[in-house]
Amino acid sequence: MPKSSRFLHSVYNKLYSSFGPQGWWPGDTRLEIIVGAILTQNTAWSNVEKAIANLKRSGSIESISKLKSIGSSRLAGLIRPAGYYNIKAKRLKCCLDFLHGRLGPDMRKVSSIKTGDLRKELLGVHGIGPETADSILLYAFGRPVFVVDAYTRRIFSRHGLISGDEDYETIREVFMKNLSSEERLFNEYHALIVNLGKNFCRPKARCEGCPLDSAKYYFCKVKPRCKRA
DNA sequence: GACCAGGCACATC
DNA sequence: GATGTGCATGGT
């Protein structure tokens, strides 16, 4: 087994033993997962939760049709806590138009579309970039794709697997080529990375108890502050 | 009050 | 093709 592959499996095993199954994505329905994927762009999840709670209270997130029917300014008001609310309202609208038009009101047609084709189509939707597309593919549609996020970049560049300034697709390939293409694995791995990142790899994060604490690993802080030798 | 968070589109060079 | 900028709230 190649070195990178061994490393990625080893990290996964450490994270899984430490954190356990993550049960992602945090959302009740497929539509809710997709909406959450857009709302969480460059935004803390706690703020997204407030926005989704507003959408639930309004009853509009029950179906694509209902969500499509609310006006842009009302939608923006509901998702206000998630930040960038004007931009995100527009992005949600574009996404809903795509889902409804291409996949049908219940998204039933999705099963007939190959993952690669669906990814290309998602990337063509205004407001859906590579990370959001992969999040939707993996967590809403159960497709085996790896989601690369800011934590992935930060953590694995810190550990020397990547330099960190590669483009999204390059990093994604590193993971997809070195791991078996299993939806379950990709689902859990990304969730574990976010868990690790939130707790140990951002400002004011604690140093103690990091599952990757070992001689060769840097961790903590945006810029490495701790190095256990 | 500064800094940050599970990005993306668009302008400019 | 690379780099910079606007978008905005809520928590630390």
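Proteins get letters first, then strands, A, B, ... in listed order; numbering begins at 1 in each. We use all heavy atoms of the structure for the numbers below, so side chains are in, but hydrogens, waters and symmetry mates are not.
Between A/R202 and B/dC4, a side-chain N or O to OP1/OP2 separation shorter than 4.0 Å is absent.
A/F156 meets the ring pair (Phe, Tyr, Trp, His ring centres under 6.0 Å) test with A/F175; sequence neighbours excluded. With sequence neighbours left out, the salt bridge (Lys or Arg N to Asp or Glu O under 4.0 Å) criterion links A/E121 to A/R102.
Among the nucleotides B/dG7, B/dA9, B/dA5, the one closest to any side-chain atom of A/H126 is B/dA9.
When the P atom is compared between C/dA8 and B/dC10, the two are found 14 Å apart, to the nearest whole Å.
Within residues 35-45 of chain A, the residues having any heavy atom under 4.0 Å from DNA chain B are, by residue number, A/T40, A/Q41, A/N42, A/A44, A/W45. Interface residues of residues 85-95 of chain A facing DNA chain C, ordered by number: A/Y85, A/N86, A/I87; criterion, heavy-atom separation under 4.0 Å. Of the residues in residues 179-194 of chain A, those with a non-hydrogen atom less than 4.0 angstrom from any atom of DNA chain B are A/V194.
Residue A/L123 contributes atom CG, which lies 13 Å from atom C1' of B/dA9 at whole-angstrom precision.
Note on A/A150: only backbone sugar-phosphate atoms sit closer than 4.0 angstrom, heavy atoms only; bases stay farther off. A/V148 comes within contact range of no nucleotide atom at all, as no heavy-atom separation falls under 4.0 Å.
Each salt bridge (charged side-chain N to carboxylate O under 4.0 Å, His left out) pair with one or both residues in residues 67-91 of chain A, not counting sequence neighbours, appears once here: A/K68-A/D97.
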